[in-house]
Participant: 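Structure incoming, see below.
Keep in mind it's a predicted model, so treat the numbers as computed, not measured.
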Amino acid sequence: MAPVVLQLKALAVDNVLRFHYLSPPPAESLLQGLELLYALGALDDEGHLTSPLGERMVEVPLNPMFARMLLLSDTFGCSEEMLTITSMLQVQNVFQQPTRQKSSAIKAKRLFCVYEGDHLTLLNVYRAFIKFDKNSRWCQQNFLHYKSLCHAVNIREQLKKLLHKYKIEIISCESDPVPIQRCILSGFFVNAARLHYSGCYRTIRGDHSLHIHPSSILFDEKSPQWVVFNEVIQTSKQYMRDVTVIEPQWLYELAPHFYEFGTERELAETKRKKIEN
């Protein structure tokens with residue numbers, strides 16, 4: 001509900017709970033949307049759009065988490081890479097896997113894969129596509145969707161114009177993956193999960209049980225301890241899609257307002273001091 005709530009706030013609708021919807025959504029969903037937008041820095045304590053972040057997030061035609069990630073990318077020194085990754089995630093799966101050539105397709109995909117996860121793998125695919133002059137034959141040989149990659153190129157150009165409009169510097173982190181991982185987490189910190197001893201993953205907030213999607217390059221690898229993901233897909237299980245490896249300390253550094261760390265006694269003591277002050 002966060003995208004809907006964000007648009008209502010842009011229309012100066014102060015009380016989204018009492019707004020006359022054609023088909024009223026559950027109040028709990030609206031509250032969750034408000035909480036998410038507040039955590040993302042799009043809303044202030046009064047529930048109004050923040051300036052400039054919240055106002056810009058309204059104008060960016062992306063999910064609020066993607067918008068925040070992209071708008072803050074220059075502060076991590078990787079706006080060049082985040083333009084590409086964001087664009088690649090707006091198109092359908094770029095990897096093909098023909099039934100009769102499944103083994104060859106998997107081998108081709110492995111050429112682009114990196115341990116850090118799906119986001120940097122997509123970055124490698126885009127870079128190679130540009131390097132080989134956006135050649136359709138090269139895509140066919142590497143089991144990639146040519147039209148999807150061309151669409152990603154067009155989306156990237158549109159998003160780049162937006163960043164220029166906001167005077168956000170386009171800079172690259174070169175070959176260092178850490179700024180990219182941290183930037184992704186800055187937008188999707190609500191989707192952090194850690195490996196449970198049972199073998200599945202548990203979200204940090206809510207303790208929901210999740211699994212890495214079979215399409216992820218991390219599916220067949222040794223399970224990383226901490227990850228962040230873009231979305232959950234419900235089939236026979238709840239699967240995380242578009243997954244990247246993170247370090248746990250980054251959560252406290254990038255989202256201290258969303259996560260509380262420590263023992264129950266330490267957390268209780270922190271809350272007591274807040275009340276007393």
Side-chain angles (χ1 to χ4, degrees), residues 1-6 16-17 24-43 57 62-69 85-86 89-90 93 115-122 180-264 266-268 270-271:
M1 287 302 297
V4 174
V5 174
L6 186 62
V16 297
L17 294 173
E28 183 180 353
S29 297
L30 289 170
L31 289 172
Q32 288 174 349
L34 285 167
E35 180 188 11
L36 174 58
L37 292 174
Y38 178 75
L40 292 173
L43 300 179
M57 285 172 68
L62 299 170
N63 175 291
M65 291 187 283
F66 276 115
R68 173 185 164 90
M69 179 182 78
I85 290 171
T86 302
L89 289 167
Q90 307 312 307
N93 192 354
Y115 168 75
E116 288 80 11
D118 299 316
H119 296 84
L120 275 92
T121 295
L122 289 174
I180 298 173
Q181 292 167 276
R182 287 170 59 85
C183 186
I184 293 167
L185 183 60
S186 74
F188 287 86
F189 54 82
V190 297
N191 291 349
R194 61 180 171 186
L195 185 64
H196 191 254
Y197 66 83
S198 63
C200 70
Y201 282 85
R202 295 288 181 88
T203 56
I204 311 304
R205 282 278 292 262
D207 199 37
H208 300 297
S209 180
L210 299 171
H211 301 266
I212 291 179
H213 195 273
S215 66
S216 172
I217 67 102
L218 295 174
F219 181 74
D220 293 321
E221 301 294 330
K222 180 181 177 181
S223 300
Q225 289 295 311
W226 295 76
V227 297
V228 65
F229 58 92
N230 285 162
E231 62 178 343
V232 172
I233 293 180
Q234 176 75 53
T235 55
S236 57
K237 299 177 181 178
Q238 287 194 313
Y239 288 106
M240 300 179 287
R241 272 192 62 178
D242 303 319
V243 186
T244 279
V245 179
I246 61 169
E247 296 292 338
Q249 62 268 25
W250 296 346
L251 289 170
Y252 185 73
E253 294 172 20
L254 300 173
H257 58 294
F258 195 76
Y259 293 104
E260 291 183 298
F261 294 89
T263 64
E264 289 186 9
E266 289 171 340
L267 293 176
T270 301
K271 290 179 180 178

Participant: Determine the minimum heavy-atom distance between His257 and Leu254, stating which atoms define it.
Facilitator: CE1-O, 4.1 Å
Participant: Please report the shortest heavy-atom distance between Val227 and Pro224, naming the atom on each side.
Facilitator: CG1-CG, 3.6 Å
Participant: Work out which heavy atom in Tyr201 is nearest to a heavy atom in Gln225; give both atom names and the distance.
Facilitator: CE2-O, 4.1 Å
Participant: Going by atom type alone, with no hydrogens or angles, which donor-acceptor pairs under 3.5 Å involve a side-chain atom of residues 231-245 and a protein atom two or more places apart or on another chain?
Facilitator:
{"unit_1": "Gln234", "atom_1": "OE1", "unit_2": "Gln238", "atom_2": "NE2", "d": "3.1"}
{"unit_1": "Thr244", "atom_1": "OG1", "unit_2": "His119", "atom_2": "ND1", "d": "2.5"}

Participant: Closest heavy-atom contact between Leu6 and Ala42?
Facilitator: CD1-CB, 4.2 Å
Participant: Quick check: do Trp226 and Ile204 have side-chain heavy atoms less than 4.5 Å from each other?
Facilitator: yes
Participant: Nearest 0.5 Å please: distance from the OG1 atom of Thr86 over to the CG atom of Leu62.
Facilitator: 6.5 Å
Participant: Which heavy atom of Pro3 sits nearest a heavy atom of Pro64, and at what distance?
Facilitator: CG-CD, 3.7 Å
Participant: Could you pull out every donor-acceptor pair under 3.5 Å between side chains of residues 212-220 and any protein atom, sequence neighbours left out?
Facilitator:
{"unit_1": "His213", "atom_1": "ND1", "unit_2": "Ser215", "atom_2": "N", "d": "3.0"}
{"unit_1": "His213", "atom_1": "ND1", "unit_2": "Ser215", "atom_2": "OG", "d": "2.7"}
{"unit_1": "Ser216", "atom_1": "OG", "unit_2": "Asp118", "atom_2": "OD1", "d": "3.2"}
{"unit_1": "Ser216", "atom_1": "OG", "unit_2": "Asp118", "atom_2": "OD2", "d": "2.8"}
{"unit_1": "Ser216", "atom_1": "OG", "unit_2": "Leu218", "atom_2": "N", "d": "3.1"}

Participant: Could you grab the distance from atom CD1 of Ile184 to atom CH2 of Trp250, nearest 0.5 Å is fine?
Facilitator: 9.5 Å
Participant: Go through the structure and list residues passing side-chain contact (heavy atoms from CB on, under 4.5 Å) with Val190, not counting sequence neighbours.
Facilitator: Leu36, Met65, Phe258
Participant: In Å, rounded to the nearest 0.5 Å, how long is the span from CD of Glu35 to CD of Glu28?
Facilitator: 10.5 Å
Participant: Quick one: pull up CZ in Arg68 and SG in Cys183 and give me the separation to the nearest 0.5 Å.
Facilitator: 9.5 Å
Participant: Using 0.5 Å steps for rounding, measure from the CE atom of Met69 to the CG atom of Asn230.
Facilitator: 7.0 Å
Participant: Which residues pass the side chain to side chain donor-acceptor pair (under 3.5 Å) test with His196, not counting sequence neighbours?
Facilitator: Ser198
Participant: In sequence, state the C-alpha distance, the side-chain angles, and the governing distance for Met1 and Val16, and then conclude on side-chain contact (heavy atoms from CB on, under 4.5 Å).
Facilitator: CA-CA 11 Å; Met1 287 302 297; Val16 297; over 6 Å; no
Participant: Tell me, please, which residues at least two apart from Arg194 pass side chain to side chain donor-acceptor pair (under 3.5 Å).
Facilitator: none
Participant: Please name the pair of heavy atoms, one in Ile246 and one in Ala192, separated by the smallest distance, quoted to 0.1 Å.
Facilitator: CD1-CB, 4.4 Å
Participant: Please enumerate all residues that pass side-chain contact (heavy atoms from CB on, under 4.5 Å) together with Gln249, with sequence neighbours excluded.
Facilitator: Glu247, Glu253
